[in-house]
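For reference, the structure is listed below as structure tokens.
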2 protein chains.
Amino acid sequence: MQQNHVTMKDIANRLGVSSVTVSKALGDKEGVSDELKQKIKEIAQEMGYRFNTAAKAMKEGLSYNIGVVIAERYASVTQSFYLQFYQYLSTALEDVQYSGILHMLSEEDEGQLVLPRIYHDRKVDGFIILGQLSNTYISAIHETGIPLVFLDFYTDRTELDYVITDNFYGMYEMTNYLIANGHRDIAFVGSLHATSSIQDRFLGYYKSLLEHRIPLRQEYILNDRDESGKLLDVAIPEALPTAFACNCDQVAYLLMNTLRKQGVRVPEDCSVVGFDNDIYATLAEPALTTVEVDRQEMAKTAVNKMVRKISDPALNSGRVLVRGKMIYRESVRSMK
Amino acid sequence: MQQNHVTMKDIANRLGVSSVTVSKALGDKEGVSDELKQKIKEIAQEMGYRFNTAAKAMKEGLSYNIGVVIAERYASVTQSFYLQFYQYLSTALEDVQYSGILHMLSEEDEGQLVLPRIYHDRKVDGFIILGQLSNTYISAIHETGIPLVFLDFYTDRTELDYVITDNFYGMYEMTNYLIANGHRDIAFVGSLHATSSIQDRFLGYYKSLLEHRIPLRQEYILNDRDESGKLLDVAIPEALPTAFACNCDQVAYLLMNTLRKQGVRVPEDCSVVGFDNDIYATLAEPALTTVEVDRQEMAKTAVNKMVRKISDPALNSGRVLVRGKMIYRESVRSMK
DNA sequence: CTGAAAGCGCTTACAG
DNA sequence: CTGAAAGCGCTTACAG
């Protein structure tokens, strides 16, 4: 129960060497005999030495922290998706001797272009931005010159770095799977102008239809949210499709409730698939066939990008796609 | 887009004063004329000065960061409760010029008593521990002497500091409410030996029964989980109570599914209440009457405690209870 | 009201 | 292989 403040100097004194030698030994640098290195490490351990990152930080001008920014609206009760993402980021950052500092961005700060306090305090060497933010906010943070990596979101600005899941390919694969199961009347559920992810997923769906020479029908493109992003009841088409490809699990879950109320059984009467593999995928009955976003791989990729950007801020590695993974459950019926 | 590295010295040079004066001005300390202070602040702003926390940290031996530890098992897909909690903590910390660093503790690290890397790096001045951890881990982290505040969890060790929701009072109030609505056959759903929260909630329930001279019936105490914490199907008693007081919303939600399968309607045939006001409270149909844990108030209280402990580590303010808030919805029927 | 000096605990050249 | 010196950017105590 003692709050120790052992320094390298203390270790050096104890062993009758200089603190330079201790620094080299603990940092595994050249120029200390292996024997002495070993001895120093043992003593450090024994004395309960803890490295003082602040000192290193000041010397090198780096904090060894990365800010992870998530808009508050993505961290609501129903959306632990991004918070789980943070977990992977945190682990990936530790692997490269960094720590993550999570910053929830409020609507207010986003609107008024208030940068995170950790920016002003120089507590971070860069920001990983998780999810979509307003263009003006992106510009504001980008103008500071601090290294930036965008995760799970991209824009048309090619000078920025992005790591995203391959939404296009994921929904393409999913639609192929539905078609392989004999479906041809497949609706896409998602408002095309709401988010860039929905658009890309839609395009993957469309690509699959094109490849299979199934015409795209306007009445099978169903809105799921209004312009503010608020989820709506999906209007079920008169002619019931045999499958609904939903842009996310939550919408698939809500759609299944609506279908149930209309007496439509899933998957007997029609199939429903989702995307994300979040809580709604398993809350749904039957559980949803969906595409899992490989957040772990995305997190690792983003952290790597960030570390490279910190050592070379001019670096621009562009948009990196990470492939998702099909999860097969019980919400699809084979029509064959 | 320039990565600036303006220091106090730069500002001082620009104005022909010393960096000491700049430090005093920016820190709003005594000994600089208001005029000069104002001028310095303007120039700092104009030059894009950012405070270097690392330098202050080294000087004072404080990092101005607090680690927030959450066991990974509490941050699963279905449990964003604690992650929301973190949000409040983060805001409360910013109010006192601190930043929060979220650390997800893996089962493995917990078992092997591996302390967070941010501890070894001296990146934090204290830890707020969110939720229950093993006793051995608590001992291990406590022995380091680093200031500790436990949030939403307590033990019998009086030398530690806790901030918890008033589980006892919340369930007491809830049971009173059921009784006021004419219920007398009220079951409690929760395994009494699983967690300390469940125990306290049970005792609040019991207290209410005692006050109303309703006998406690063993067959109305229903297990909801096994020893490992895994949720079980609740065994509905032969003689159906008129109300179920569940120890949490999730269990209430699951119970309602079970009841539905047995053809029991809520609230017509029996009432069900929960606790926590989490996602399950509104996912349930009808929505659950429940007790909302006042996480914001708890977060503020914990941060205050922490700040006081940092300046005086010997301080032991003990167990602080924060009152919850009844949320009335549609899952209770009046028997009158 | 203002500032020169010392020091926080490291690391990076450089000298031996 | 080992170490004395300088410096990172602040703040504190002291002198003027």
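Order of the sequence lines fixes the chain letters, A, B, ..., with proteins taken first and strands second; residue numbering starts at 1 for each chain.
Under a 3.5 Å cut-off, the side chain of Thr301(A) and the backbone N or O of Glu297(A) do form a donor-acceptor pair. With Asp161(B) contributing its side chain and Gly318(B) its backbone, the two residues share a donor-acceptor pair below 3.5 Å.
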Protein and nucleotides 10-14 of chain D: nitrogen or oxygen contacts under 3.5 angstrom:
residue	atom	partner	partner atom	Å
dC10(D)	OP1	Tyr49(B)	OH	2.7
dC10(D)	OP2	Met8(B)	N	3.1
dC10(D)	O5'	Tyr49(B)	OH	3.2
dT11(D)	OP2	Ser23(B)	OG	2.2
dT11(D)	O2	Lys59(B)	NZ	3.4

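Going from atom CG of Leu26(A) over to atom P of dG9(C) covers 15 Å, rounded to whole Å. Atom-to-atom, OH of Tyr64(A) to P of dG9(C) comes out at 19 Å; the value is rounded to the nearest Å. Rounded to whole Å, atom C1' of dG3(C) lies 15 Å from atom CG of Leu15(B). Going from atom CD of Glu35(A) over to atom C1' of dT2(D) covers 14 Å, rounded to whole Å.
Using the six-membered ring where Trp is involved, Phe150(A) and Phe153(A) have ring planes that are perpendicular, over 60° apart on the 30 and 60° scheme. Note: Tyr154(A) and Tyr162(A) have perpendicular aromatic rings, judged against thresholds of 30 and 60 degrees for the angle between ring planes.
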Quiz prompt | Per-nucleotide pairing state of DNA chain C [Watson-Crick or G-U, under 3.5 Å; [ ] pseudoknot-crossing; | other strand] | solution = |||.||||||||.|||

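Considering all non-hydrogen atoms of both residues, Pro116(A) and Val69(A) come closest at CG-CG2, 4.4 Å. Annotation for Ala54(B) and Ala57(A): closest pair CB-CB, 3.8 Å, computed over non-hydrogen atoms.
Along DNA chain C, the nucleotide nearest Thr21(B) and the nucleotide nearest Met58(A) are compared for position; the residue whose nucleotide lies closer to the 5' end is Thr21(B).
Heavy-atom neighbours of Glu35(A) CD from other residues, nucleotides or ligands within 6.0 Å: at or below the threshold of 12.
Taking NZ of Lys24(A) as the reference point, atom CG of Leu26(A) lies at 12.5 Å (rounded to 0.5 Å).
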